[in-house]
Structure formats: C-alpha cells, structure tokens
Amino acid sequence: MPALIENEKRFHSVFSQIEHILFGNPDRSSFMVDRTRAIAPPPPFFSDCVGWPPHQLGALELLIEESEEIGLEAFRARIGRGQMCDLTRGLGYDRHGLRIEADHHVRCAAHPSGPVFLIHSAIEHVFATPEMIAALQERHESGMTRAMTETEALVLVHPGSMCGSARSQLGRSEADAARAEVLDRVRTHVGPVIVIDGALSDELSRAENRLIDEAVARALASGHVAGRIWGCDSGERPYPSWSGLRSDGGALVHDGQEAAATDIAPLLSGVTVLVTGAWAGSNEGSGCVNSVANAIREVLGREARVGIDETALLMPEEFEDPEP
C-alpha cells in the first residue's frame, strides 16, 4: 500500500511538470465544465394566427415570410416535450391512435430570430417570447417607414365626375369603362392614397364608394399617408352624407381642389406622386387633375416627381382651355 501511494504522488508530480511546461500556470477552473451556465428555456406559446394581437400583425407577416421549414422532431426539441404534448392534445391528436407524426399535412418552421411555429389546418401556432414578437413588429414598422420613400402615392381627383359628367362627354360605355379602370387602379394600389372629392361624388354607387373607402383604410392601416378630403372646383360645400378623414388629422374641407392639393402636398414629400380621376387635359393648364398635380409640384418644387397617371380621364378637346 505505501508503494502504491508513493507511485500516485510521483505520477501527479510528473503530470504537474508537464502541465507547467505546456500551459505555464493554468487556471484549473478553465478545464472544468461550467455547469452553472443557464440554458435558455424553450420559447412559450405566444398565439395562433386567429387570435393574434391586431397591433402586431406586422410581426406575424415577417414571421411567415422569413421562416424556413424544419422537421417535426426539430420543432419538438425547440419547444420541449411538455409543450409539444399540450399542443398535440389540443389539436386532437393522441386520441384513437391518431398521431401527429403520421399527419403529412402538418408543417413546422423556424425564424432566425428565435420564434418557431407549427401549421395545422392553415393555422400558425407560434411559440415565441413577447420580446421576440415586439422586435419583429418594430422591424416591420421601420421597414414600412423606409418603404414610404420608395413607393408611389396615388391621388384620386373628383371621382364623382367620372359618372354622369363623363357619360355626357364620352358616352355611357366609354365613361363606364374608364371609371372602372380608375377604380381598379385605386383598388390595387399599394402605398399612400389621397382622395379629393367634389359635389358630384354623391353620384358614385354604394359599391364604388366602399371600394374607395377600403383603399384609404388599407393605406392607413399600413402606416401610409391616407385621406379623403373635400375640394370642389365649383366651390360647393360637402353634402350631408359625405365624411372625410386624414391620417395626419389635418383639415378635411377646402375651397377647391387646388387648395386641397396645396394642403396635403407636404405629406407627399419624397415619394413619386401620380394623379388620376377627372379630368386631365392635354396641356398643363386644363383639367382638375392637372391643376392638382401643378399645386403639389408648386409646394414640393419643380424637381418633385409628380405626374399624371395613365388611367386619368382625358378631357375632350372642345372643353380644354387654350394652351398658354
């Protein structure tokens, strides 16, 4: 026994000399596994897409767009077995022998920032911390702000003049086709939307009014400049059923379309502005569409990107003002 103890001491002495030669005077704690380091807990269930917080829909949009598909086992490892059991039971699995592993319609995905989600019956079940979702929402909102400088603003002038007035000047079929083209342009537009109404806007059908209102509401919800304001070229005041709005809370009623355009022009700084509606003349001095474009350009400067949209209704030559 004494010999064994002596050999063990000699071994430790030799090992210490080798260690000193190789590493100098190392800190032995550096060779030990740090068992005190915290392991990040799995992300908790945040929400499914049906009950998603309305003020954070941008985060959900980025989550779906930017995530990459992962396998079911990888998803299970991310959220932990306990949460996985709760999720599968809530979705109706593990009853009558039905197992999620056998459901080939289920998909899982992971976002680079940490959230993961499982798609079942076209519903995303998202596991993420509130901080992760808040960061995605903030990035989405800042992206919309940047997009504001890269997109086009659409200004619709006197949409009611595209009804009876247009029919009397262009004929019923041509006027109706032109109005439908403008309204489709409004419906599909993505970006800032400003509508300048006049007295004839009460000739729009209920469906046409709803289409315009929905376009304005969509722009507003996306964080763009949006508004429906009054600027009648004949000087008439709004009719009783008319209602307006502005994203910036500014004035709704103006004395003519030019005054309305002058007032909203600063909101459109830095974007390309396209003006449509009725009427556009072949020269800059004719038509309400042209006068709105001129007023906006006057405020923003001659170098501003302001033009007449290709859908604008062209004024018949006999009604145009003579070229200056």
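Any value given below was found using the heavy atoms of this structure, including those in side chains, with hydrogens, waters and symmetry copies removed.
Using a 3.5 Å distance cut-off with no hydrogens or angles, the side chains of His158 and Asp197 do not pair a donor with an acceptor. Side chains of Ser291 and Gln257: a donor on one and an acceptor on the other come within 3.5 Å. With no hydrogens or angles considered, a side-chain donor-acceptor pair links Arg297 and Asn294 at under 3.5 Å. Checking Ser113 against His111 by side-chain atom types alone, a donor-acceptor pair falls below 3.5 Å.
Looking at heavy atoms from C-beta onward, Leu60 lies in side-chain contact with Cys49 at the 4.5 angstrom threshold. Here the side chains of Cys163 and Leu204 are in contact, with some heavy-atom distance below 4.5 Å.
Counting heavy atoms of neighbouring residues, nucleotides and ligands inside a 6.0 Å radius, atom CD of Glu66 exceeds 12 of them. Other residues, nucleotides and ligands place no more than 12 heavy atoms under 6.0 Å from the CZ atom of Arg172. Atom CD of Gln83 has more than 12 heavy atoms from other residues, nucleotides or ligands within 6.0 Å. Atom CG of Asp248 is surrounded by more than 12 heavy atoms from other residues, nucleotides or ligands within 6.0 Å.
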Working for ring pair (Phe, Tyr, Trp, His ring centres under 6.0 Å), residues Phe75 and His125: CA-CA 12 Å; Phe75 176 78; His125 300 264; 9.5 Å; no
Tell me, with the steps shown, if Arg218 and Asp213 meet salt bridge (charged side-chain N to carboxylate O under 4.0 Å, His left out). CA-CA 9 Å; Arg218 224 171 21 249; Asp213 285 339; over 6 Å; no
Report the C-alpha separation of Glu73 and Arg78 in whole Å, then their side-chain angles, then the decisive distance to 0.1 Å, and conclude whether the salt bridge (charged side-chain N to carboxylate O under 4.0 Å, His left out) test is met. CA-CA 9 Å; Glu73 285 305 314; Arg78 291 283 196 97; over 6 Å; no
Stepwise salt bridge (charged side-chain N to carboxylate O under 4.0 Å, His left out) check, Glu174 with Arg167: CA-CA 8 Å; Glu174 185 178 346; Arg167 285 177 174 178; over 6 Å; no
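Nearest heavy-atom pair across Pro115 and Leu63 is CB-CD1, 3.6 Å. When all heavy atoms of Leu170 and Pro316 are compared, the closest pair comes out as CD2-CG, 4.1 Å. A pairwise comparison of heavy atoms in Pro44 and Thr129 identifies CD-CG2, 3.9 Å as the closest pair. Contact detail for Cys108 and Gly71: the closest heavy-atom pair is CB-O, 4.2 Å. Considering every non-hydrogen atom in both Ala153 and Leu268, the closest pair reads CB-CD2, 3.9 Å. When all heavy atoms of Pro238 and Trp242 are compared, the pair lying nearest together is CB-CE3, 3.8 Å.
Screening Ile308, Thr276, Leu313 for a side-chain contact (heavy atoms from CB on, under 4.5 Å) with Val289, the sole residue that qualifies is Ile308.
Taking a cutoff of 4.0 Å between a charged side-chain nitrogen and a carboxylate oxygen, Asp86 and Arg81 do not qualify as a salt bridge.
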